[in-house]
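One structure is given here, and the rest of the page talks about it.
Source: prediction; values computed, not measured.
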Amino acid sequence: MEAVFLQVLWVSLTVSAVLLPLLLAKGWLRRRVRAKALYVIWLLLALRLAVPVDLSLPEPPVEVEAPELSVALTVPAPGMTVDGESPWAGQDTRPQTEEYWAESPRVPVTVVLSALWLTGALAAALIQGGGYLLARRDLLRSARPAEEETQALVGRAAARLGLKRPIAVRRTSRVRTPMVLGLVRPVLLLPQGAEPDGLVLCHELTHLKRRDLWYKALLTAACWLHWFNPLVWWMSRAASENLELCCDGDVTAGQDAAFRQRYGELLLSAGEEGRGPTLSSRFGGSGRTVKERLANLFLTKRRGRALACLAVAVVALLGALTSCQPKTMTDQEAVDALNESLDWSLGNEGTTLSFTIPEGERDWDIRLSQDTFPEDPDVIQSFNETQWTPGERYAFLLPRDILLGYQLTLNVSLNGGAEGFTVGMTSMAMTPNASQTALEQLRSSITYDGERVSFTIPEGDRAWNIQISGRAEVEWLGGMSLHYLDGADWTAGETYSFELSSLAAQDVTQLTMHVFLEEQESEIDLLPYLPYVNAEYGFTLTLPQSWRGQVELLENDPNLHDVTCAASFYMRDAGDQDYAGWLVGIYRCTSQEWEETEAAGNPYDLPVLAEAGGYVFYAAGPTDLPVDENIPGALERYAQLSAQISALLESFTLTA
């Protein structure tokens, strides 16, 4: 028993080192990381807690043994009292024989703590498990079988989800929203009254399909074993709340904004619910939980795989901490380690090649070569001139034209080639696979004409799944979620497009194409493909990232008379006076009019952007500060936005 307790204690301490930062950042993670990634993290941590096996190496170099601590428990001798007065009180001598004086036995602390832990675990199981059984009996005692029509409705919904096992359906006045109860023989409890909504049924049946109650049982077992650790109980609550987000995500996956809005309205109409029995799920929840679930319906998040892997790796590392020691590598093992650390990932700009130089006193010579021209590209020259430091990780961005055009080879030699030791890693020649090539073809096909974003699915027998989502900051509406082409049937060789006007695009702060191709998942940032396009006057501008959602664009600015102002940019929330928030305007005049301006000495030093077809394009801005200084933070915001004007003007390009 002592060994089991010490192992549970060790696992609880090591996992807590991961739990504490995750739980403290729980709210931040939920807003940015997908619920399914957090589902995996909590699952793996719960498994580690519920199955506290020893992960240390067979022959650990450092063994940490429990100290041989003991506590003395005094046993009164015959004829003595503990609370009353001793029979020898006031006497100078006492009997010293073994018959009257008992030896004080010594009990190890680990035995006492093991007994205390086991008592607490049994008590937690008795209280929580008994509470569940009593609640289940109380709910089922008042429940009655549902009507045949209702059972048929539930059966059809279960069949659509692929549930083959029959589900008992009962009605009771003890619940306000549908509830699934039980592990081995689950029961669907429905409130009295009208037929339940199909989406609500789908939510609860999805819990059964996902086996979420078994997930809760695992969390409960972890709490029983680690009843003394408050972080484990906190984790159980956080993981249970995250289950609802996962279930909501499965129900609304691939659905449009209207479907998600209706689903959110059902959540609001369900009303506030308290916590149900341990092994149960219900559609409603507390006010705070419902608020988080509503926000989750319209947020685009990262997948979070790296976070899950990091959490598992840290737990595994801490579990085997006492058995780790540095090992001296041979040269061949060092090269193998370098080989295993090689990684290259495809991005918007090109391919990032990264690797780690193994530890140890070695003289590394690593060269990247390519069969191109006599003179290698600058990026390869920079790579070959790098001084390599053991223990450091290096990353190099290789432009797409280098990677796609020719094969790359990485060659490694150690210690100046001493004793003929040279390893050529020609097997690591880096050429993109078919999926990566198809992704590049998709990326290169993306176009924007100021009204629609278009792209073409590459030819080939591949299964494509694309999701396009984003966010816009609309002045009169606030933040809103964007979804395009939901439910589209992606066919190779077909061109797809969605409407996004040039004016509306300026409010878009995030727009991402999520591509699922075979087993590869990729993201393409669409914002760089959305310049401002002025079709009437034939030019484009690339807006700075910081301007999106913060700047309003006016075409043929009505505030400016007697001149042709093709487009003006205004900072929002700058005040009510004339020209409030004006940053810059793009103008067009005839060549003759511009000659007159130059003849007058160009008094305002107006910069020329382009000349074509007898016209001159130039820029102009305010001479005074057009912002209400009484608005808190307005001056600072205006200064930050105006600092980007030069970058905006440099992007000016004529399209005709």
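In summary, the side chains of Q467 and H483 do not present any donor paired with an acceptor at a separation below 3.5 Å, with no hydrogens or angles considered. Side-chain contact annotation: D573 with Q550, donor-acceptor N/O pair under 3.5 Å absent. Between E204 and S281, the side chains place a donor N or O and an acceptor N or O closer than 3.5 Å (distance only, hydrogens not considered). Residues Y484 and D486 bring no donor and acceptor atom of their side chains to less than 3.5 Å of each other.
Residues D449 and V533 come closest through the heavy atom pair O-CG1, 3.7 Å. In plain terms, the two heavy atoms of T491 and Y496 that are nearest each other are N-OH, 2.8 Å. Of all heavy-atom pairs between W582 and S568, the closest is NE1-OG, 3.6 Å. Closest of all the heavy-atom pairs between L527 and R548 is O-NH2, 3.6 Å.
Taking the six-membered ring for Trp, F516 and W464 have ring centres at least 6.0 Å apart. Residues Y587 and F617 keep their aromatic ring centres 6.0 Å or farther apart. For F396 and F383, the ring centers sit closer than 6.0 Å to each other.
Note that CG of N534 and CZ of F539 are 4.0 Å apart. Values are rounded to the nearest 0.5 Å. Taken to the nearest 0.5 Å, the CZ atom of R471 stands 9.0 Å off from the CG atom of L482.
Qualifying side chain to side chain contact (heavy atoms under 4.5 Å, CB included) partners for E611, counting only residues two or more places apart in sequence or in other chains: V608, V616.
Cation-pi geometry between R588 and Y537 is not met at under 6.0 angstrom from the ring centre and within 45 degrees of the axis. For the pair R210 and Y39, the cation-pi test (distance below 6.0 Å, angle within 45°) is passed.
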